[in-house]
Amino acid sequence: MIYRNPVIPGYHPDPSICRVGEDFYIVNSTFEFFPGVPVFHSRNLANWELIGYVLNRREQLELEGCRNSGGIYAPTIRYHEGMFYMITTNVTWKGNFVVHSERPEGPWSDPAWIDQNGIDPSLFWDDDGTCYYCSNGRNDGVRGIWVFAIDPMTGRILSDKKMVSTGCGGQCTEGPHIYKRNGYYYLMVAEGGTEYQHHEVILRSDSIWGPYEPCPYNPILSHQNRKGHEIQATGHADLVEDQNGNWWAVFLAYRNFSHALLHNLGRETFLAPVHWTEDGWPIIGENGQTELLADAPLPAPALPVCYDLNQDFSKGSIDLRFEYTRNPDMALFELNREAGALILHGSEITLSQPGTSPTVLSVQQPAFCTHVEVELAEDTLTAARAGLSAYYNNDYHYDIYLSNQDGKLYVGFTKAVHDMTVEIARIPVKGSGRIVLSIDSDRVGYTFRYQEAGCEAITIGSGHNAGLSTEGTKTMTFTGTMFAIFAEQGDASFYRFNMSETKDPVYEQ
Ligand code: 6LW
């Protein structure tokens, strides 16, 4: 059965997967965004629906002062005897913790903190019911993959800690997961760092404490030698066996928007079938490689994918896919039934201010080629700036907005890249009714337009994808471009947000 990769497009990195009967669940990392750790559900592994977030309370997710790409790093989701567990790291606040819930959509418990440093924690239950923790980390100066028994409900450590492996010689040994099959304990890790050298390796032992021997076919997943291929940086995988005995891997990768080694959509979630060799080693995809269109024995037929988002704010709800930046002040986001709009009460915090929570709501850009538009009221706008942004983080964003300057209304276009913020255009508008602000994106960049009632759409500016690409950020970042609605220093009423994928000439070939 044919399916399309990525199966969860746009910035959805570090996927982890589990299965309960015929239901599959995936979680992803979310860094400075709130709520944290989305939970996706599928029954065919190709189509995924967002059903909620694990961390949707400040008691679970403190992001005060969180740097860009701080906060929540890689999560792991597991299911054991009627309970779901999610374990992850808040690198901004207290480190590794585990939460639990009887239902994947929640509510999830408060964090149980774990006295172990490092990132990318995972859980594994042995046949005798003992639960084991593994992550990378350093104890007494020894760095590697550490394992110990743990109470997954309380986070209490129940055994000595042991460093069981330093991987297979690659740098940045991380994202460990342990599996058991035919009496072997398999330890799978990512190496090479989450850039163009990223790859996945596996080792095995007849004891969870090792010693672990490396797979003779490593790397079991790698696009390191596929320069020029659209899919790059495959790694950070997790394995699952479906109800038919077929094994699958989900993993992160990114798509370059051109032959320049740049990507702006973030690290996305990909799927590939796994086959086990005669001598008991798993190989991901076709000899460790994957494609945008793949054919594999899915547990149920793939359905056509659609990542469009049509949000009518008069309906009195905000789509689950929208995320806040750090911990939001929910009073600034008012669904007003009388106005039939989402009223953003823009605070003094601007989009460019670091480490804070501006009045902004954003959703991952799911494809290179998209059209996004929002409709705002002109006559009630008091905000200094309010509109639509192609938003990577507070250092990198392209904004089109309505601006109330001493009672006069303007449409403005600003680009913020690194430490440069330039208002490219500011054009007076009539301001008597409603206005539509839009972005068209493709494999080159973003084009910004506005249209007042009864007038033609006018192009006000454009920005290149390179300005919002992960490789170009001045600090190491792990996210991707999002489309955001925002308001600064005053109120703005948004009636709708519409995002749709448009034809991509490269995929149409
Ligand atoms: C993730 C780790 C990593 O926890 O980046 O580079 C972190 N590798 O596996 C954030 O995605």
Side-chain angles (χ1 to χ4, degrees), residues 6 8 10-17 26-33 36-38 54-55 61 63 66-77 86-98 114 116-123 133-138 143-146 165-168 170-178 187-202 219 221-224 232-239 249-254 263 265-270 323 364 392-393 469-471 473 475-482:
I8 306 180
Y11 135 57
H12 292 97
D14 306 320
S16 171
I17 188 168
I26 282 184
V27 292
N28 297 101
S29 43
T30 40
F31 307 100
E32 72 262 35
F33 293 95
V37 187
V54 175
L55 309 174
L61 181 51
L63 293 171
C66 170
R67 62 173 164 75
N68 291 336
S69 289
I72 296 298
Y73 273 38
T76 297
I77 187 168
M86 193 285 291
I87 188 169
T88 188
T89 315
N90 184 338
V91 298
T92 299
W93 180 261
K94 298 174 71 174
N96 290 308
F97 66 93
V98 57
I114 301 163
Q116 174 56 48
N117 60 34
I119 58 172
D120 301 356
S122 183
L123 296 173
Y133 166 105
C134 69
S135 78
N136 76 8
R138 179 200 293 260
R143 175 176 289 283
I145 302 299
W146 285 85
S165 174
T166 56
C168 296
Q171 60 174 355
C172 304
T173 301
E174 52 202 4
H177 293 299
I178 295 174
L187 171 64
M188 182 173 75
V189 296
E191 292 196 326
T194 195
E195 296 86 19
Y196 293 91
Q197 294 309 308
H198 208 199
H199 58 277
E200 202 73 9
V201 295
I202 198 161
L221 171 69
S222 170
H223 275 215
Q224 289 168 275
Q232 292 292 323
T234 53
H236 204 103
D238 196 7
L239 304 182
V250 292
F251 50 93
L252 75 80
Y254 43 75
H263 73 284
L265 298 181
R267 297 168 302 159
E268 306 171 280
T269 292
F270 284 69
E323 291 236 56
Q364 284 85 341
Y392 187 93
N393 63 30
S469 63
T470 299
E471 289 83 356
T473 56
T475 58
M476 189 172 201
T477 59
F478 301 110
T479 55
T481 304
M482 306 176 88

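Excluded from the calculations below are hydrogen atoms, water molecules and symmetry mates; all remaining heavy atoms, backbone and side chain alike, are included. Each ligand, and each atom within it, is numbered from 1 in the order the structure gives.
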Nearest-neighbour protein heavy atom for [atom], which is reported as residue plus atom name and distance:
atom	answer
atom 5 (O) of ligand 1	Phe478 CE2, 3.7 Å
atom 1 (C) of ligand 1	Asp120 OD1, 3.5 Å
atom 7 (C) of ligand 1	Tyr73 CD2, 3.5 Å
atom 11 (O) of ligand 1	Asp14 OD2, 2.5 Å

Asn28 side chain to Thr269 side chain, donor-acceptor N/O pair below 3.5 angstrom
yes
Taking atom types as modelled and ignoring hydrogens, do the side chains of Thr477 and Tyr392 form a donor-acceptor contact shorter than 3.5 angstrom?
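Looking only at side-chain atoms, Tyr392 and Thr477 do form a donor-acceptor pair, the distance falling under 3.5 Å.
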Test log, rule side chain to side chain contact (heavy atoms under 4.5 Å, CB included), inputs Tyr254 and Glu195
CA-CA 9 Å; Tyr254 43 75; Glu195 296 86 19; 3.9 Å; yes
ring-ring contact (aromatic ring centres under 6.0 Å, His included) involving His177 - partner list, sequence neighbours excluded
none
Per atom 8 (N) of ligand 1, closest listed option by heavy atom (Met476, Glu174, Arg267)
Glu174
Min side-chain heavy-atom separation [X]-[Y] under 4.5 Å:
X	Y	value
Phe97	Asn90	yes
Glu32	Arg67	no
Pro75	Asp14	yes

Mind checking whether Pro13 contacts ligand 1 via backbone (N, CA, C, O), side chain (CB onward), both or neither, at a 4.0 Å heavy-atom cut-off?
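Under 4.0 Å from ligand 1, Pro13 contributes no heavy atoms.
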Which bit of Thr194 gets closer than 4.0 Å to ligand 1, counting heavy atoms only: side chain, backbone, both or neither?
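Thr194 to ligand 1: contacts from backbone and side chain alike.
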Distance-only N or O hit between ligand 1 and Gly193, under 3.5 Å
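N/O-N/O distance under 3.5 Å: no.
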Is there a polar contact, in the sense of an N or O pair closer than 3.5 Å, between His236 and ligand 1?
yes
